[in-house]
Protein chains: 2
Amino acid sequence: MRDSEQIVNHAQKFCLENGLRLTKKRRQVLKALVESPFALSAYELRELCKTECDEMLPPMSIYRILDFLQEAGFVHRLNVSNRYTACSHIACEHEHLFSQFLICVKCKMVTEIDIPDLTIKNMKNDAASAGFELESPQLEINGICFTCKNRAA
Amino acid sequence: MRDSEQIVNHAQKFCLENGLRLTKKRRQVLKALVESPFALSAYELRELCKTECDEMLPPMSIYRILDFLQEAGFVHRLNVSNRYTACSHIACEHEHLFSQFLICVKCKMVTEIDIPDLTIKNMKNDAASAGFELESPQLEINGICFTCKNRAA
DNA sequence: TAATTTATGATACTACATATCATTTTGAGA
DNA sequence: TCTCAAAATGATATGTAGTATCATAAATTA
């Protein structure tokens with residue numbers, strides 16, 4: 001998993017530059033998330049870390065670590081499924097305010113895309129017509145990835 | 001609450017026409033949801049029904065009733081907050097496939113709007129570019145309602 | 001009215017999450 | 001390098017959302 005190492009190293013570098021501590025366990029949780037194609041629950045992460053390093057973190061620690069990783073912008077929480085997924089922009093500079101998560105209902109794979117400005121503009125207008133001002137939205141949308149779709153056909 | 005009665009009666013009529021049974025308890029849960037400006041959790045509904053009719057439904061019953069009401073199209077579940085809200089189209093004929101819920105982060109009020117075709121089209125395209133085919137999405141978006149916004153200013 | 005289906009009740013349990021206090025680790029300054 | 005304070009983690013207990021399962025009650029149908 002050369003790739004995931006690299007991404008985690010980016011995170012490490014970011015932490016050093018910003019006075020954050022990417023401890024061993026935080027690294028480990030982040031690595032697990034980076035390597036997973038689908039979002040993981042806190043307890044799934046716990047299991048995963050156990051098999052990886054033969055040590056069972058208490059739930060509280062997992063949640064604290066996830067909080068830290070979210071604060072740092074390394075992971076997102078999918079509210080719909082109570083699961084966590086690594087941000088796909090850890091290794092790039094590219095700022096992203098509005099994220100959209102496409103979740104395959106078959107294989108559970110998660111793809112994070114930026115919402116194009118046009119779509120956001122439409123959504124803001126839609127909301128304004130109903131008397132609402134949008135906060136930076138995080139969209140979580142179910143669908144079928146083309147891989148699964150082709151397999152079905 | 002003349003209005004909510006009327007809406008519940010529409011639901012009743014719909015059930016009669018479609019071989020569904022809107023029992024007393026189902027009616028009661030639906031009425032509570034119709035009258036609430038914000039989404040309610042299953043356990044909040046339980047409390048509400050108790051104060052209304054002095055009888056505490058077991059959690060399982062609440063969930064079963066909510067399942068029924070969802071199947072019938074009378075209520076929606078907000079996945080982000082694990083809460084339930086009455087569909088705003090019970091009393092109108094108007095079909096709606098793609099719903100968007102605007103949730104005020106201040107007062108928690110929920111507004112259900114239809115997503116305009118243009119916005120949907122954009123979202124479908126966005127997803128397709130990432131190798132996904134959308135399922136009929138339900139969008140749950142946080143924001144501030146103009147009432148709260150004006151109050152703040 | 002009996003039999004069958006549908007709805008609800010009761011008990012127990014699982015998963016997700018947090019409060020709280022104890023312990024360990026880390027980093028900064030003397 | 002040692003000390004101390006802050007940050008991170010551990011442990012225990014508990015709260016809350018949701019479900020599995022089996023029992024009972026109510027309503028339909030024959």
Side-chain angles (χ1 to χ4, degrees), chain A residues 11-12 14-33 36 38-50 52-72 74-85 108 140, chain B residues 11-12 15-33 38-50 52-72 74-85 108 140:
Chain A
Q12 187 97 56
F14 177 87
C15 285
L16 277 173
E17 287 164 359
N18 292 83
L20 300 172
R21 297 184 200 161
L22 193 62
T23 65
K24 212 168 165 180
K25 319 213 163 185
R26 286 170 176 172
R27 243 189 107 97
Q28 185 183 324
V29 171
L30 178 57
K31 188 154 170 285
L33 282 173
S36 174
F38 45 85
L40 298 167
S41 77
Y43 283 76
E44 283 166 353
L45 265 169
R46 224 185 145 205
E47 291 297 329
L48 230 162
C49 289
K50 189 184 66 176
E52 295 265 321
C53 74
D54 204 46
E55 166 182 36
M56 195 77 150
L57 293 176
M60 196 64 242
S61 294
I62 296 279
Y63 283 107
R64 275 189 291 227
I65 288 171
L66 286 169
D67 282 347
F68 169 86
L69 295 173
Q70 279 178 275
E71 288 272 315
F74 301 145
V75 319
H76 298 287
R77 179 196 152 96
L78 300 184
N79 297 307
V80 165
S81 54
N82 296 340
R83 279 174 160 73
Y84 301 83
T85 185
K108 302 295 172 194
E140 303 170 28
Chain B
Q12 187 97 57
C15 284
L16 277 174
E17 287 165 358
N18 292 82
L20 300 172
R21 297 186 200 160
L22 192 63
T23 64
K24 212 167 166 181
K25 319 213 164 186
R26 287 170 175 173
R27 243 188 107 97
Q28 186 184 324
V29 170
L30 178 57
K31 187 153 171 286
L33 281 174
F38 44 86
L40 298 168
S41 78
Y43 283 79
E44 284 166 354
L45 265 170
R46 222 185 146 206
E47 291 298 328
L48 231 162
C49 288
K50 189 184 66 176
E52 295 266 320
C53 74
D54 204 47
E55 164 182 37
M56 194 77 149
L57 293 176
M60 196 65 243
S61 294
I62 295 279
Y63 283 107
R64 275 189 290 228
I65 288 171
L66 285 169
D67 283 347
F68 170 86
L69 295 174
Q70 279 177 275
E71 287 274 312
F74 300 144
V75 318
H76 298 288
R77 180 195 152 97
L78 299 185
N79 297 307
V80 165
S81 55
N82 295 340
R83 281 175 158 70
Y84 301 83
T85 185
K108 303 294 173 195
E140 304 170 27

Next on the checklist: Taking only side-chain N and O atoms of N82(A), does any of them lie within less than 4.0 angstrom of OP1 or OP2 on dA17(C)?
Outcome noted: yes
Next on the checklist: Tell me if the CD atom of E71(A) is crowded by more than 12 foreign heavy atoms within 6.0 Å.
Outcome noted: no
Checklist entry - What distance separates E55(A) CD from K50(A) NZ, expressed to the nearest 0.5 Å? => result 12.0 Å
Checklist entry - When rounded to the nearest 0.5 angstrom, what is the spacing between CG in L45(B) and CG in L33(B)? => result 4.5 Å
Next on the checklist: Nearest 0.5 angstrom please: R26(B) CZ to Q12(B) CD, how far?
Outcome noted: 11.5 Å
Next on the checklist: Between P on dA10(C) and CZ on R46(B), what's the gap in Å once rounded to a whole number?
Outcome noted: 10 Å
Checklist entry - For the pair made of CG in N79(B) and C1' in dG18(D), what is the distance, rounded to whole Å? => result 14 Å
Checklist entry - Under 4.0 Å between a side-chain N or O of Y63(B) and OP1 or OP2 of dG18(D)? => result yes
Next on the checklist: Is the shortest side-chain heavy-atom distance between V29(B) and L48(B) below 4.5 Å?
Outcome noted: no
Checklist entry - What's the OH-P distance between Y84(B) and dA17(D), to the nearest Å? => result 10 Å
Next on the checklist: Please determine whether a side-chain nitrogen or oxygen atom of R77(B) lies at a distance below 4.0 Å from atom OP1 or OP2 of dG18(D).
Outcome noted: yes
Item to check | D67(B) CG - dT6(C) P separation (whole Å) | outcome: 16 Å
Checklist entry - What's the CD-P distance between E47(B) and dG15(D), to the nearest Å? => result 15 Å
Checklist entry - Does Y43(B) get its side chain close enough to the base of dG15(D), under 3.5 Å, for a donor-acceptor pair? => result no
Next on the checklist: Under the criterion side-chain contact (heavy atoms from CB on, under 4.5 Å), I'd like the reasoning laid out for Y43(A) against I62(A): C-alpha separation, chi angles, the key distance, then a yes or no.
Outcome noted: CA-CA 8 Å; Y43(A) 283 76; I62(A) 296 279; over 6 Å; no
Checklist entry - Quick one: E44(A) CD to dT14(C) C1', roughly how many Å, whole number? => result 14 Å
Checklist outcome for this item: Nucleotide by nucleotide, nucleotides 4-13 of chain D touches protein heavy atoms under 4.0 Å in the pattern (B base, S sugar-phosphate only, - none) ---SSBBB--
